[in-house]
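What you see is a predicted model, and the numbers here were worked out from it, not measured in a lab.
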Amino acid sequence: MSTKGDHHTVPLSVLLKRESANEKIDSPELVHGQFNQSKKGEDFTFVKTDCQRVMGDGVSTFSVFGLFDGHNGPAAAIYTKENLLNNVLAAIPPDLNRDEWVAALPRAMVAGFVKTDKDFQERARKSGTTVTFVIVEGWVVSVASVGDSRCILEPAEGGVYYLSADHRLEINEEERDRVTASGGEVGRLNTGGGTEIGPLRCWPGGLCLSRSIGDLDVGEYIVPVPYVKQVKLSSAGGRLIISSDGVWDAISAEEALDCCRGLPPEPSAEHIVKEAVGKKGIRDDTTCIVVDILPSEKLAASVPPPKKQGKGMLKSMFKRKGSDSSSNIEKEYAEPDLVEELFEEGSAMLSERLDTKYPLCNMFKLFMCAVCQVEVKPGEGVSIHAGTANCRKLRPWDGPFLCASCQEKKDAMEGKRGYLLTHT
């Protein structure tokens with residue numbers, strides 16, 4: 001019998017189990033489906049659920065959905081499908097808690113994309129691929145994309161949210177300016193006599209995209225640095241649609257959502273593909289993945305039809321995470337059930353994408369390349385900021401650092417050096 005003043009200790013294992021149980025209760029249920037109609041056989045998908053963030057605990061899980069639309073052969077799409085996830089995870093420092101892990105994802109996605117591109121190009125295979133790569137951890141959805149495949153979100157509250165960028169030169173003026181500033185030429189196919197046809201393309205090579213993985217023969221200004229968007233859904237959940245350009249060339253986001261309203265993910269993906277093919281025919285590989293993110297206590301076959309919202313609702317539904325959002329007072333009185341925008345960045349500059357507000361020791365090992373994760377000997381690493389406006393303020397130990405090979409790749413992407421000439 002205990003006396004007054006006795007303290008009962010709870011074993012650490014019990015506390016961890018309690019924390020894991022609470023995390024599982026707070027996490028959504030994911031239901032997914034996919035469908036494809038193939039013409040060239042260059043579209044590939046990657047789906048992996050219940051990946052373990054903390055190995056062995058069986059609870060701290062996340063899910064991954066990837067769509068790879070290859071061109072000039074399937075080699076780049078297949079290689080990216082097989083290697084991208086491992087490269088992203090390798091760029092996340094160990095021993096992070098859940099919030100830190102989620103915060104590290106955008107930078108790790110950039111590093112993973114660039115490493116995958118660099119490794120594939122070293123194989124000298126002249127193929128390329130678009131990538132839309134989605135990681136769902138709890139209610140947080142992180143999307144990294146290059147090319148013209150897209151990911152859209154319909155929250156349970158209604159509205160449409162675009163989680164990817166379109167890197168077609170035809171519609172992206174900012175990317176056209178970047179390509180020409182880096183030494184590329186942008187123009188339409190010239191059939192002779194001054195007649196130009198088709199979409200805007202990058203020359204040499206004739207690719208109509210400004211970002212991809214692979215494309216060794218096109219030019220280093222076609223970069224693999226992804227646009228990254230990260231949002232946190234409300235506890236009501238929502239639906240993701242990830243599709244190749246074969247869908248979006250034929251139907252709008254609203255049409256894709258409406259044509260499968262009330263259906264489970266598998267038949268929804270089929271309906272979307274058939275709706276697109278029915279409008280324009282099977283001109284290209286047409287692939288769709290549908291993911292429903294559902295409250296665990298209300299697991300259903302599909303997301304219920306959202307309420308119709310006014311024009312101003314979409315803008316007010318999404319809020320940026322404030323710098324003091326961790327305040328208990330703010331949490332207590334915060335407006336519930338809003339989709340929260342955590343991160344968005346589309347710059348093609350690695351010095352902007354791999355920089356970090358976190359302490360260096362927490363985000364990158366001091367003598368480790370921030371892209372390929374190889375060990376860099378003291379004095380051999382090149383700061384990610386070298387050659388930028390901030391380089392004069394740098395100290396020798398200011399990172400993150402790049403190895404010599406990744407620094408060459410960075411310079412080439414920025415139009416400073418002919419990386420491909422030295423690696424082919």
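- Comment: K410 engages E414 in a salt bridge, judged by a side-chain N to carboxylate O separation of less than 4.0 angstrom.
- Between K126 and D215 there is no salt bridge, since no side-chain nitrogen of the basic residue lies less than 4.0 Å from a carboxylate oxygen of the acidic one.
- At least one side-chain heavy atom of P106 sits less than 4.5 Å from a side-chain heavy atom of V228.
- By the 4.0 Å N-to-carboxylate-O rule, D119 lies close enough to K115 to be salt-bridged with it.
- In summary, E154 and R239 do not engage in a salt bridge, as defined by a charged side-chain N under 4.0 Å from a carboxylate O.
- With hydrogens and angles left out, the side-chain atoms of T286 and Q37 include no donor and acceptor closer than 3.5 Å.
- Rounding to the nearest 0.5 Å gives a distance of 4.0 Å between CD of E175 and CZ of R211.
- Looking at Q34 and T45, their side chains do bring a donor and an acceptor atom within 3.5 Å of each other.
- Side-chain atoms of V114 and L350, non-hydrogen and from C-beta on, do get closer than 4.5 Å to each other.
- Salt bridge E341/K232: absent, no basic N to carboxylate O contact under 4.0 Å.
- Between the side chains of T130 and S149, at least one donor-acceptor pair of N or O atoms lies under 3.5 Å.
- Side-chain atoms of V291 and V31, non-hydrogen and from C-beta on, never get closer than 4.5 Å to each other.
- A salt bridge links R168 to D249: at least one charged side-chain nitrogen sits closer than 4.0 Å to a carboxylate oxygen.
- Taking the six-membered ring where the residue is Trp, the centroids of F120 and Y79 are separated by under 6.0 Å.
- Side-chain atoms of Y162 and K229 form no donor-acceptor pair, as typed in the model, at a separation below 3.5 Å.
- Looking at heavy atoms from C-beta onward, V64 lies in side-chain contact with F133 at the 4.5 angstrom threshold.
- One distance of note links CD1 of I78 with CG of N83; it measures 11.5 Å at 0.5 Å rounding.
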Take K48 and S63 through the side-chain hydrogen bond (donor to acceptor under 3.5 Å, both in side chains) test and state the conclusion after the steps. CA-CA 6 Å; K48 189 173 183 180; S63 297; over 6 Å; no
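- With S244 as the fixed residue, the side-chain hydrogen bond (donor to acceptor under 3.5 Å, both in side chains) test singles out one of D43, D148, D285: D43.
- Remark: the backbone N or O of A76 is paired with a side-chain donor or acceptor of S127 at under 3.5 angstrom.
- Taking the side chain as every heavy atom from C-beta outward, C369 and F401 never approach each other to under 4.5 Å.
- Between atom OG of residue S212 and atom CD1 of residue I222 there is a gap of 6.5 Å, rounded to the nearest 0.5 Å.
- The 12-atom threshold is exceeded at CD of E255, counting heavy atoms of other residues, nucleotides or ligands nearer than 6.0 Å.
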